[in-house]
Amino acid sequence: MSEVVFRAEGLRKSFGSLRVTDEVSLRLPAGRRHGLIGPNGAGKTTLFDLITGEVEADAGEVFLGGRSLNRAPPDARARAGLARSFQRNNLFPGLTVHENLALACALKHGIGHVFWRRLERFTALWQEAEENAGRLGLADHLGQRVSTLAYGTQRQLEIGLALVQEPLLLLLDEPTAGMSPEETSGILELLSSLPESLTLLIIEHDMDVIFGLAERITVLDYGRVLLEGTPGEVRGSDEVRRRYLGAAH
Amino acid sequence: MRERDPIQLPVAGLLAVIAVAAWFGAGYFGQELLAEIAILAIFAMSLDLLVGVAGMVSLGHAGFLALGAYATAGATVFWGWPPAAALAFSVAVAGACALGVGLFAVRLGGVFFIMITLAIGQMFYAYFFKARAFGGDNGMSGTPRFDLSPLGLETGDPAVFSALMLVIAGAVYVALLLLVRSPFGMMLTAIHQNENRLASLGCPVRRYKLAAFGLGGAIAGLAGALMAQHTGFVSPDLAFWTLSGEALIIVILGGSGSLVGAAGGAAVFVMLRDHLSDGSFWEGLRLSGDIATHWQLVMGLFFIAVVLLARDGLYGRLSWLVDRVRSAWRGRGGGA
């Protein structure tokens with residue numbers, strides 16, 4: 001088995017008296033496609049927030065590439081190699097698709113602070129943004145303002161911004177939510193084309209998507225890990241069926 | 001990217017032409033107005049960097065203007081510094097104070113940011129109001145203007161001084177425009193739109209906001225130093241929150257985030273105030289000259305109209321209009 005890229009140990013978080021994350025631990029070797037499922041309110045998105053530092057954990061620790069990220073704010077965690085897409089589209093609505101992608105490229109290359117040179121002149125950057133747009137199926141929308149895009153197209157960009165970062169660990173929060181079947185299959189194609197070395201943790205409600213994509217799956221329920229196993233094991237588990245799959249299907 | 005903001009430079013060119021024409025046409029009083037407009041434009045553009053570009057609405061910006069003005073007054077009158085050195089000192093003092101204030105302020109967002117900047121601006125006001133060394137609430141006079149006699153120029157001449165102010169305002173505009181169009185400026189624009197996502201892409205948002213706040217404060221300090229030179233007088237009113245409010249109105253009136261809009265807004269504001277408060281202007285319209293005493297009411301109505309009819313300011317409406325005309329043109333030419 002390849003080395004562990006990401007490790008979360010005993011993460012805990014309560015909002016008031018409600019414990020939304022309860023002793024969650026997770027180990028992801030490089031290149032793992034890992035699914036995260038569970039009923040609504042199981043604490044999946046909160047777990048993402050704890051990993052990226054958007055919400056501070058009450059206890060527990062997060063490691064990326066052997067380094068502890070515990071005291072790091074979200075932007076430092078992003079620079080360390082964490083990228084995330086959001087459950088709800090979370091973009092720069094007044095900028096074009098090209099500009100959205102160029103922003104992400106500029107940050108990846110660490111030139112966001114440059115104030116003495118016009119952004120327009122960084123031709124390699126715009127080129128890179130354009131190539132990314134092509135890969136994401138957004139080439140036809142380059143010059144369009146994000147606020148004028150259809151929902152599904154925005155969703156592609158939502159995932160695209162995270163991909164541009166070329167992270168060690170990519171967190172996708174319901175990437176196909178609200179998409180049509182054609183759009184969903186487009187996203188699946190995109191995800192299967194990702195480099196093998198990329199580690200992926202994905203929240204998804206579409207069971208066909210998750211069982212098709214993930215090598216292993218963690219099932220959360222009331223903030224706790226109910227089960228971790230292969231898709232076959234998860235599908236075969238009576239408890240998972242009773243708590244989650246049964247209710248959904 | 002190339003299509004973003006296509007009217008910025010044409011409008012700036014037009015404003016420059018108008019300014020030059022006004023300079024040639026202006027008499028003594030007109031030159032005073034021109035200098036005032038140029039200085040106010042610098043102040044408004046520095047606020048636009050915060051409000052319009054980075055989305056940080058400050059109601060204490062006049063505090064840094066006052067710091068710059070008092071730094072120049074103090075350095076020239078008490079220490080006998082030449083005005084140019086005092087100007088550099090003003091920029092440094094205002095910038096450093098803005099960085100200090102920013103350390104706390106940029107942690108806050110929205111209405112809390114407005115409240116803390118308002119409170120800090122009023123603290124500067126309260127300090128200058130009580131400061132005996134600077135004449136307390138009477139203020140102090142005697143700030144000299146730049147000495148350009150080696151170049152054969154007499155800055156006591158309003159025409160020379162206003163030309164100098166216009167040149168400085170133009171330089172500040174060019175510098176800010178280059179900044180806004182740099183990667184850093186793009187980050188500030190993105191912070192305005194969605195700062196959390198920008199952080200999750202790896203941008204240290206707070207540091208960027210702090211840098212913008214410090215720079216905005218430094219440029220406000222420059223405007224303050226020039227204002228002290230222009231009037232030869234500084235008073236605590238320079239730090240009062242209503243001046244911050246006026247600058248905010250200018251930015252919104254001109255079109256927030258457009259830089260050249262803020263400069264144009266300053267011109268519209270000063271000209272309106274000058275005309276509306278002048279009895280003969282109203283008599284020329286065959287109305288009672290007494291309306292001039294209520295000019296602020298008329299000005300208020302004008303701003304209400306602008307905010308209702310042109311939420312993106314004069315520049316925003318102009319942009320919209322040009323966009324409309326262009327697409328109609330293209331539709332006629334390209335469609336069939």
Side-chain angles (χ1 to χ4, degrees), chain A residues 48-49 52-54 73-86 88-96 98-123 125-126 129-130 142-143 145-147 158 161-162 164-165 167 171, chain B residues 1-6 8-9 49 52-55 106-107 174-212 214-216 218-219 255-258 312 316 319-320 323 327 330:
Chain A
F48 271 22
D49 288 340
T52 58
E54 263 134 352
D75 59 289
R77 294 188 192 201
R79 292 194 295 278
L82 269 183
R84 154 183 206 177
S85 81
F86 291 79
R88 290 191 181 173
N89 291 339
N90 192 2
L91 303 161
F92 305 98
L95 305 182
T96 64
H98 206 178
E99 288 166 336
N100 268 265
L101 292 167
L103 268 181
C105 291
L107 287 170
K108 181 181 74 182
H109 294 298
I111 58 159
H113 63 280
V114 171
F115 63 86
W116 53 87
R117 198 161 165 233
R118 296 221 312 276
L119 181 62
E120 207 179 298
R121 298 226 181 146
F122 290 85
T123 42
L125 199 75
W126 293 101
E130 197 174 336
L142 263 188
R145 216 180 253 252
V146 167
S147 57
E158 172 66 45
L161 283 184
V164 167
Q165 293 175 260
L171 306 164
Chain B
M1 184 64 197
R2 277 156 198 87
E3 275 297 303
R4 165 161 289 269
D5 199 9
Q8 175 74 227
L9 291 177
L49 177 70
V53 178
V106 302
R107 293 168 174 274
V174 170
L176 281 177
L177 186 66
L178 287 175
L179 180 93
V180 166
R181 294 189 167 180
S182 71
F184 176 71
M186 190 70 173
M187 293 300 152
L188 295 182
T189 306
I191 285 172
H192 191 172
Q193 297 203 4
N194 190 347
E195 84 177 73
N196 289 334
R197 183 62 194 258
L198 198 66
S200 83
L201 291 174
C203 177
V205 166
R206 258 187 213 165
R207 248 182 282 162
Y208 281 42
K209 283 169 111 175
L210 180 61
L215 183 66
I219 298 173
S256 121
S258 63
D312 44 3
S319 260
W320 176 82
D323 209 42
S327 51
R330 225 176 286 152

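Naming: A, B, ... by sequence-line order, numbering from 1 per chain.
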Got a sec: does the CZ of A/Arg88 have more than 12 other heavy atoms crowding it under 6.0 Å? no

First locate atom CD of A/Glu99, then atom OG1 of B/Thr189, and finally report the distance between them rounded to the nearest 0.5 Å. 9.0 Å

Under 4.5 Å to a heavy atom of chain B? For A/Arg118 that would be both

Should B/Ser182 and A/Trp116 count as side-chain neighbours, where that means a heavy-atom distance under 4.5 Å? no

Side chains of A/Leu95 and B/Gln193: does their closest heavy-atom pair fall under 4.5 Å? yes

Residues at least two apart in sequence or cross-chain that pass salt bridge (Lys or Arg N to Asp or Glu O under 4.0 Å) with A/Glu130, listed by chain then number, are none

Is the backbone of B/Gly202 close enough, under 3.5 Å, to the side chain of A/Arg79 for a donor and an acceptor to pair up by distance? yes

Top of A/Leu91, A/Leu82, A/Ile111, A/Leu125 for chain B proximity - count of heavy-atom pairs under 4.5 angstrom: A/Leu91

Sort out for me which of A/His113, A/Arg77, A/Lys108 touches chain B most, counting heavy-atom pairs under 4.5 Å. A/His113

If every non-hydrogen atom of B/Leu201 is compared with every non-hydrogen atom of A/Leu161, which pair is closest and at what distance? CD2-O, 3.8 Å

Flag side-chain contact, heavy atom, 4.5 Å: B/Val180 against A/Phe115: no

Top residue by heavy-atom pair count (under 4.5 Å) with chain B, among A/Pro93, A/Ala106, A/Ala102? A/Pro93

Test applied, side-chain contact (heavy atoms from CB on, under 4.5 Å); reference residue, A/Leu119; option that passes from B/Arg181, B/Met187, B/Met186: B/Met186

Will you find, in the side chains of B/Asn196 and A/Asn90, an N or O donor that is under 3.5 Å from an N or O acceptor? no

Can you sort out the partners of B/Arg206 under salt bridge (Lys or Arg N to Asp or Glu O under 4.0 Å), two or more places apart, ordered by chain and number? none

Could you tell me which of B/Asn194, B/Val205, B/Leu188 has the largest number of non-hydrogen atom pairs under 4.5 Å with chain A? B/Asn194

Is a donor on one side and an acceptor on the other found under 3.5 Å between the side chain of A/Asp75 and the backbone of B/Ser200? no

